[in-house]
2 protein chains.
Amino acid sequence: MSSTKQKIVDAAVRLFNEHGWVNVSVRDIAKELGISPGNLTYHYPNKGSVIQTIHQRIIEKRAMIFGNLSLDASIVNVNQQFQPLLELYAEYRFFFLDLLEIMRAFPDIAKMHREHIEFLITSVKGVIDYSVHSGNLHPEPKEGYYLNLSETVWILVSFWLNQQTIRGRAELNYEGARETMWNLVLPHLTEKGKQNYEEAMLALKES
Amino acid sequence: MSSTKQKIVDAAVRLFNEHGWVNVSVRDIAKELGISPGNLTYHYPNKGSVIQTIHQRIIEKRAMIFGNLSLDASIVNVNQQFQPLLELYAEYRFFFLDLLEIMRAFPDIAKMHREHIEFLITSVKGVIDYSVHSGNLHPEPKEGYYLNLSETVWILVSFWLNQQTIRGRAELNYEGARETMWNLVLPHLTEKGKQNYEEAMLALKES
DNA sequence: GTCTATAGAGTGATAGAC
DNA sequence: GTCTATCACTCTATAGAC
């Protein structure tokens, strides 16, 4: 990818993150870079192709993260493996903040993202099941409870930046998301699970 | 309010709900009603004044709901009193789906809505505290846990339609939100609380 | 690859007749 | 109150010179 082509995407992400996707025009992106709109159009024929490229990049980074994912879902690992995903969300936060609008405008992105969501929820459910099996979590208190909990975790994480932005918290960090997520799990930890949890929290503080 | 003035707001809400706020122009609203754009402008000088009016209406309905709120936070009551709020969210769903964009465009709405959010979270916390006091809930397992739970409940409820829409579930119902909310509370119920809970769920099914 | 210039559609908002 | 006509602006996208 040529230097200019790369710079365009970077500037686009920067501006989208700051002002929201609908509020940034191709002119704005060109202006930010000090190049002409015609030049930008040479690299990306339309606004849609810019976001398609960004989406592609998100998919690639995501694939790397999930490719490195270990099946050993100890609590320390969950925290550690969680981190790069949260960083990805923060880096391309506009995509998640303006997701509904982007999905309305680009049905193909919508379709792919929906599939990814189901994958995510299934993954969370998998980690929970593993934790039950390894004795860190109690069996679910009633049928369907842990599937619902997995969906809840997904909602919390994927809308975390939205709620922060809407509440006017500019910090942009995921500390609260992590704490909230663990608070949901806390009541279901076994004695063994609690011990692992305490150790994991200590490891987190030290890092 | 004159008939036309009323009809304009109704049509606006209908179109906003269907296509999203940014994708509906004043022309679209006029067309939907079969009136001229000039006529619409006579009643609402600009697009902003339409949404300001809608926001005002939301505030009024909300005030009515919270005015009727009983402090007796029995589980049956929580379910019953919850209902009109969820219906309000569904009726003006575009406002909550496109909230970030609306808040970006209208700082005064943003300010008022932020204050309301803090009020909501405090209310949830109040109900939880009451339930602890009345013996339905165990005391919080650690400092700050129930405040965090209150925030979690708020996130779940206020982003419920977002997640449904993004996942492509068109149903638009809040059954799942209610169930998910109770699932969060479930692990903290006392024996007395569990009994009340079972009764409340039975009452819900019968209604 | 990069530029300038501009077409063409859509937007919010206004003016003035009826 | 309601209409038609239109201004002024912004947007995406294209054409063609360099």
Side-chain angles (χ1 to χ4, degrees), chain A residues 1-56 94-95 98 100-110, chain B residues 1-56 94-95 98 100-110:
Chain A
M1 216 193 267
S2 77
S3 167
T4 305
K5 200 163 184 177
Q6 182 67 46
K7 275 182 194 162
I8 289 170
V9 185
D10 292 340
V13 170
R14 203 160 54 240
L15 289 177
F16 290 160
N17 279 343
E18 193 172 346
H19 303 108
W21 181 69
V22 293
N23 300 312
V24 177
S25 64
V26 287
R27 271 178 175 76
D28 293 331
I29 303 170
K31 205 175 183 180
E32 166 88 359
L33 283 172
I35 66 172
S36 69
N39 190 1
L40 195 147
T41 300
Y42 170 79
H43 292 285
Y44 298 98
N46 49 52
K47 198 184 174 184
S49 67
V50 176
I51 200 150
Q52 296 281 2
T53 303
I54 295 172
H55 183 231
Q56 207 53 43
F94 85 93
F95 183 84
D98 303 334
L100 186 59
E101 198 48 48
I102 293 171
M103 287 175 83
R104 280 198 271 240
F106 304 95
D108 53 331
I109 293 183
Chain B
M1 218 194 267
S2 78
S3 167
T4 305
K5 200 163 184 177
Q6 181 66 45
K7 275 181 195 160
I8 290 169
V9 185
D10 292 341
V13 171
R14 202 160 54 239
L15 290 177
F16 290 160
N17 279 344
E18 194 172 346
H19 303 108
W21 181 68
V22 294
N23 300 313
V24 177
S25 66
V26 289
R27 273 177 175 78
D28 293 331
I29 303 170
K31 204 174 183 181
E32 167 89 0
L33 282 171
I35 66 173
S36 68
N39 189 0
L40 194 148
T41 301
Y42 169 79
H43 291 285
Y44 297 98
N46 49 53
K47 198 184 174 185
S49 67
V50 176
I51 201 153
Q52 295 282 0
T53 303
I54 295 172
H55 183 230
Q56 206 54 43
F94 86 91
F95 184 83
D98 303 333
L100 186 59
E101 198 47 48
I102 293 171
M103 286 176 84
R104 279 200 270 240
F106 303 96
D108 52 330
I109 292 182

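We name chains A, B, ... by the order of the sequence lines, and we start the count at 1 in each one. Side chains are part of it too, since the values below use all heavy atoms of this structure and drop only hydrogens, waters and symmetry mates.
The interatomic distance linking A:K31 (NZ) with C:dT4 (P) rounds to 13 Å, in whole Å.
Side-chain contact between B:Y44 and B:V9: present, with at least one pair of heavy atoms (C-beta onward) separated by less than 4.5 Å. Side-chain atoms of B:L33 and B:N39, non-hydrogen and from C-beta on, never get closer than 4.5 Å to each other. In this structure the side chain of A:K5 never reaches within 4.5 angstrom of the side chain of A:Y42, judged on heavy atoms.
With C:dG12, D:dA13, D:dT14 as the candidates, the nucleotide lying closest to the side chain of A:K47 is D:dA13.
A salt bridge does not link B:R104 to B:D98: none of the charged nitrogens lies less than 4.0 Å from a carboxylate oxygen.
For residues 32-42 of chain A, the pairs satisfying salt bridge (Lys or Arg N to Asp or Glu O under 4.0 Å) are A:R14-A:E32, with sequence neighbours left out.
Residues forming a ring pair (Phe, Tyr, Trp, His ring centres under 6.0 Å) with B:H43 (at least two apart in sequence, or on another chain): none. The side-chain contact (heavy atoms from CB on, under 4.5 Å) check on B:R27 picks up B:S25, B:P37, with sequence neighbours excluded. Applying the side-chain contact (heavy atoms from CB on, under 4.5 Å) rule to B:V24 yields the partners B:L15, B:F16, B:H19, B:D28, B:I29; only residues at least two apart in sequence or on another chain are considered.
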Original post:
For nucleotides 1-7 of chain D, read 5' to 3', which letter fits each nucleotide if B means a protein heavy atom sits under 4.0 Å from the base, S means only the sugar-phosphate is that close, and - means neither?
Top reply: BBBB-B-

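Near-neighbour residues of DNA chain C inside residues 13-25 of chain B, defined by a heavy atom below 4.0 Å, number-ordered: B:S25.
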